Trainee: 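Please find one structure pasted underneath; my questions will follow.
Labels below follow one simple rule: chain letters A, B, ... track the order of the sequence lines, proteins then strands, and each chain is numbered from 1. Values in this document were obtained by computation on a predicted structure and should not be read as measured data.
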Amino acid sequence: MKKPQTGQPMDRVDGRLKVTGGAKYFADHQPADMQFAALVCSTISCGAIASISTTKALRAPGVADVVSHLNAPPVPGYKKTNPGDKNGLQIFRDNRIYSNGQPVAIVVANTMERAVYAASLVEVQYNQETHYTNMEAGMDKAFQNNRMKDYSRGEINAWQKAPVTHSAQYTIPLEVHNPMELAGIIAHWTSPDTLTLYAKTQGVKSVQETIQELFEIPEQNITVHSRFVGGAFGMALRVWPLEIATILAAKKIRKPVKLVITREQMFTLVGYRPNSSQKISMGATADGKLTGITHEAVAITSPYEDFTEGIVAMTKFMYDCPNVNTRYQLVPLNMSTPIWMRGPGEATGSFALESAIDELSYKLKIDPLQLRILNHADTDPERNLPFSSKYLKEAYQIGAEKIGWSSRNPAPRSMQENGMLVGYGMSSGTFGAYRGKATVSAILKSDGTLTLQSAAADIGPGTATAMVQIAADVTGISPDKITFMLGESTFPYAPEQGGSATVSTVGSAVSDVCHALLKELANLAISQVPAFKQTTPELIIYEDGQLITADRQTKITHEALLQQQKLPEVKVTATSQGGEERKKYSMYSFSVHFAKVHVHPATGVVRIQHIVSVADAGAIVNTKTARSQMIGGVVGGIGMALTEEAILDHRFGRFVNNNYADYHVPVNADTPPTDVYFVNKKDPYINPMGSKGLGEIALIGFAAAVSNAVFHATGIRVRDLPITPDKLLHIVSTENATA
Amino acid sequence: MNPFSYVRPNSLKAAIDAMARDHSARFIAGGTNLLDLMKNGVTLPEKLIDINQLPLREIRQDGNTLHIGALVLNSDLAAHELVKTQHPLLSEALLAGASQQLRNMATVGGNMMQRTRCTYFYDTSMPCNKRQPNSGCGAIGGINRMHAIFGASDNCIAVHPSDMCVALAALDATVLVAGPKGERRIPFTDFHRLPGNTPQLDNNLAKNELITAVEIPPHPFTKHICYLKVRDRASYAFALVSVAVAMDISDNVIRNIRIAMGGVAHKPWRLPDAEKALTGKAPTSDNFRLAATIATQGAKTYAHNGFKKDLAFNSIQTALLKAATA
Ligand SMILES: Cc1cc2nc3c(=O)[nH]c(=O)nc-3n(C[C@H](O)[C@H](O)[C@H](O)COP(=O)(O)OP(=O)(O)OC[C@H]3O[C@@H](n4cnc5c(N)ncnc54)[C@H](O)[C@@H]3O)c2cc1C
Ligand code: SF4
């Protein structure tokens, strides 16, 4: 048996293309006669457009058109809905303004610079109305969406009766995905009902579906290309109004139009992690058994859509606690709609839950890691099902050992190093291990190469690489002869890349289609090659691109088999999805994060010194790309913990730090040595590879590990992210100034 | 960005002449600030005068004085042997600024002339007296976490964002400028202004004048120096508060000392009273604490920057201690 390809740290199949500039991202495409667009965006937060004067803009050099609600081509799909219902923002449908930064017009010119300049010449008058962008001030408008009903098991608010209790409020500011690559699209109507799009998307098929619904043209007339995506973190999980605006402009001027939005516009046009306020209350017996948890969350949404995510999800099943109740409410504000941002709601929820567990541990005088193990849920207390696999305890153990947890003095503010306060903190994270439905085609050519196609996406994790490894293991074909193609709507269906499910979903379909392909080849050999006449597909050995009889006496290569039959290729398509196992087991990935921090005793500056993150994500398909995934998640977590916060001036409803200089994503200097470990044990039920998801758990829980470490270092609990120096300053004793 | 014309004069005189003919014109050096201002519609020059051809790239020793041409790049200046050995405070301050990529483009003159990072100044749909006199100050009733605690006015509470300038103020540098009427010299501490009633003016350079060089006189500060920059992330962030300290200690007595702060005022903020209080004293924590108390007296804070007073108090002591023990 050859060494399996899965589990190896294989280099990215498209790595060279990416680092040499060979990878074409959406904005790199140049259909003939392409025009350039720029958006004019609202400077008020609520009201209506009174007038738009385009005279000056239209007179500027190179300008083709200015498209707005006054002159945009109709969107047939709008008719299915009533204006004012929660339909999302229906761009250019009418003159309503719901939020600051909402696009009010799109200017098209023959160069980008001219479009941008002309956009600055469009004069918009508004009838302004009172706006609301402050969640705290809007609590009276909080409501519950039907998707997110109250949950309870056991007794409601049982924590109140416990001998040891903790209750506190945790807040997380609005965060923006801010991938390097800006959002945008190239739209090209090649005929009045045929549309080609070069998109930045996490799912070409869902773009196709949305456009089909809105423009009512046949699905096969809509082609979406998105082979390379320069990061997304969730912001490209849907079609945004900016894309519809571009499609409308292209329709109107009958030329291909490209729009790439600005960094500032990334804050208002492509979603964000909604700011939230969470109250967690918990009680335990004196010896540390949890008796009740109450988790109440409030987060913001737009006026025209209810955005919900799994903020309270983790609380329901993470700990073996008999009484749990949760509530999740939304406050509609004059803001654009949020969208899942890496780790989505679970990252938000875990900050509160895992901070609260830490706080409780100090009240109980029990080591926070010990407290978690004491309350470990061996089975899922929410659904009353066994877990398909759960190696969380092993992950705790690995992490504790690698960071040196045992040498931690449990007392807050008890450890120092080179004049710095030292703290160790830890936390856990979890996210559903999903498996959706996907279809993959496999084309084996008579030259022995295998091409796999599916409309999957790769926003960075290395999708194609993992798929090649999975295919190599099933087929016995060498990885360098396998190509996995994605990001084309003409390929068979795959869902969006989201929820850490691509390896599970698309990988399963790759596995299935490769098995189907082998069967096809076996049948070919059995019916056509004398030496194989007596055998069955199950008995054949598949190795190195050959079919080998069980006695190893006869071999035939794929090339020879196809060439003998004069077949240029064999093509097989298979659809794959999970079955009954999801009803029998609860499926989750788990992560554990440990952080060691330094806090400067005089300035309150926190610097993370060492991170250990451990994932229980089933079998790891590619240890190299998986490690990169984990590090990426950790960097996102550092931002969440220490630096990221999009700040609004509520008087205007405008962001005041909407650029890379002032919205602080972590830089290299903020990122300490990060050790990543995998439990790397197969999940027996989830899918053929035994792999659970990884992308979200890399971040989920991380912020709490840092804030717990900061508490350990300083004795100060910061419940309001991010932990900037000013929040630790009031604790600093000025006698303590150190060099 | 609006359409503009572009010239690249070869001589100082040609550059100054070009400016005299066109009032909306701007000099462009590294462009790292000016281009952002143009893209945001804050500055709309009809002409750019690219000064990169001018012979202002020299770093040389004139007697005991260090002469730094206005076009010397921030990264070259920080790495220069004379600067590292004779003026290490300047080198440290430069390296604390921006990012490597920006320092590779940014010039000494441009750094001095960079505008505030006040967000209201950059957003043309919000009020700002500095950008548009009499439109109101967005920051005073708005988000002002990054704003000034010293020397502000009711018209503007912006800070000057430079790190380099804090060190140059501490080192008593002199600015050399050239204009239609010839050359003049401006003490560095008089170069930048407080906002007062004219927040639109950042400094005392006349519109048609060009910075040609900065000179640093001889000083004894090669050992006991510290540039402490407290910021929200480890690199590539503007100072919440920064402190430049240079002292000369012998026989456990501070013979000579300079202290300046960044991130707290509309100009690099020298602390003459604290300097006076420490001159002739022993470098002890108690004395440093007293100096920090003196230095932060009279700080005026706003809704979100109250922490800066405490941070300044702590940071001054930390920087003094660090310099003393260096
Ligand atoms: C994201 C970001 C982060 C930054 N962080 C920091 C930081 O942490 N610390 C810091 O100190 N700085 C920081 N900076 C600012 C940076 O230092 C300045 O942008 C740079 O020094 C400006 O120099 P320049 O040559 O590019 O100037 P330009 O952009 O070319 O010019 C700026 C201004 O100076 C004028 N000018 C240029 N040269 C002369 C001259 N010789 N005479 C008269 N006028 C002149 C121009 O007309 C223009 O008005 C940051 C900048 C950015 C964009
Ligand atoms: S502080 Fe100064 S720069 Fe900022 S808004 Fe006020 S006037 Fe403008």
Trainee: Out of A/V665, A/I44, A/T671, which one racks up the most heavy-atom pairs below 4.5 Å with chain B?
Mentor: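 Looking at each option in turn, the highest pair count goes to A/V665.
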Trainee: At a heavy-atom separation under 4.5 Å, does B/N2 approach chain A through its side chain, its backbone, both, or neither?
Mentor: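 Answer is both: backbone and side chain atoms of B/N2 are under 4.5 Å from chain A.
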Trainee: At what distance, to the nearest 0.5 angstrom, does OG of B/S315 lie from CG of A/L729?
Mentor: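 It comes to 7.5 Å.
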Trainee: Side chain, backbone, both or neither: which part of A/E113 has an atom under 4.5 Å from a heavy atom of chain B?
Mentor: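 Nothing of A/E113, per the 4.5 Å heavy-atom cut-off to chain B.
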Trainee: Would you mind checking which part of A/V606 comes under 4.5 Å of any heavy atom in chain B, side chain (CB onward), backbone (N, CA, C, O), both or neither?
Mentor: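 Answer is neither: A/V606 stays 4.5 Å or more from chain B.
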Trainee: B/G141, B/A323, B/A98, B/C118: which one forms the most heavy-atom pairs within less than 4.5 Å of chain A?
Mentor: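 Highest number of heavy-atom pairs under 4.5 Å: B/G141.
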Trainee: Verify side chain to side chain contact (heavy atoms under 4.5 Å, CB included) between B/K39 and A/T262, making sure each step is shown before the conclusion.
Mentor: CA-CA 11 Å; B/K39 286 184 194 167; A/T262 65; over 6 Å; no
Trainee: Once you round to the nearest 0.5 Å, how far does CZ of B/R233 lie from CZ of A/R607?
Mentor: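 Answer rounded to 0.5 Å: 11.0 Å.
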Trainee: State, to 0.1 Å, how close B/M126 and A/F652 come at their nearest heavy-atom pair, and which atoms those are.
Mentor: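 Reported closest heavy-atom pair: SD-CD1, 3.5 Å.
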Trainee: Name the region of A/V656, side chain, backbone, both or neither, that has any atom closer than 4.5 Å to a heavy atom of chain B.
Mentor: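 Contact with chain B involves both backbone and side-chain atoms of A/V656.
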Trainee: When rounded to the nearest 0.5 angstrom, what is the spacing between OG1 in B/T318 and NE2 in A/H600?
Mentor: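 The NE2 atom of A/H600 is 5.0 Å from OG1 of B/T318, to the nearest 0.5 Å.
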Trainee: Please evaluate residues A/T724 and B/R145 with respect to the criterion side chain to side chain contact (heavy atoms under 4.5 Å, CB included), reporting the C-alpha separation (whole Å), side-chain torsions for both, the decisive distance (0.1 Å), and the verdict.
Mentor: CA-CA 12 Å; A/T724 44; B/R145 180 170 176 270; 3.5 Å; yes
Trainee: About how many Å separate CG of A/D662 and CD1 of B/I143, when rounded to the nearest 0.5 Å?
Mentor: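 That separation rounds to 12.5 Å.
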Trainee: Could you state the interatomic distance from OG1 (B/T119) to CD1 (A/I647), rounded to the nearest 0.5 Å?
Mentor: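 Result: 9.0 Å between the selected atoms.
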Trainee: How long is the span from the CG atom in B/D123 to the CG atom in A/N658, to the nearest 0.5 Å?
Mentor: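 Answer for the CG-CG pair, B/D123 versus A/N658, is 7.0 Å.
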Trainee: Backbone N or O of A/T643 within a donor-acceptor pair of the B/D232 side chain at under 3.5 Å?
Mentor: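 No, because the side chain of B/D232 does not come within donor-acceptor range (under 3.5 Å) of the backbone of A/T643.
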Trainee: For B/Y120 and A/D649, does a side-chain donor sit closer than 3.5 Å to a side-chain acceptor?
Mentor: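 Checked: B/Y120/A/D649 side chains pair up, N/O donor to acceptor below 3.5 Å.
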Trainee: Please classify the contact between B/L240 and chain A as side chain, backbone, both or neither, with a heavy-atom cut-off of under 4.5 Å.
Mentor: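 For B/L240, side-chain heavy atoms alone lie under 4.5 Å from chain A.
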Trainee: Please give me the minimum heavy-atom distance between B/G142 and A/R651, naming the atom from each residue.
Mentor: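 Heavy atoms of B/G142 and A/R651 come nearest at CA-NH2, 3.2 Å.
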Trainee: Provide the closest heavy-atom pair for B/S125 versus A/T43 in the form atom of the first, atom of the second, distance.
Mentor: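 Where B/S125 meets A/T43 most closely, the heavy atoms are CB-CG2, 3.7 Å.
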Trainee: May I ask you to check whether over 12 heavy atoms, not counting those of B/D154, lie within 6.0 Å of atom CG?
Mentor: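 No.
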Trainee: Would one find more than 12 heavy atoms of other residues, nucleotides or ligands at under 6.0 Å from atom CD of A/E129?
Mentor: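 Yes, because the 6.0 Å sphere around CD of A/E129 holds more than 12 heavy atoms from other groups.
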Trainee: Select one option (side chain, backbone, both, neither) describing which atoms of B/N305 are under 4.5 Å from chain A's heavy atoms.
Mentor: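 Contact with chain A involves no heavy atom of B/N305 at all.
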Trainee: Under 4.5 Å heavy-atom distance to chain B, tell me which part of A/I638 shows up: side chain, backbone, both or neither.
Mentor: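 Neither part; nothing is under 4.5 Å.
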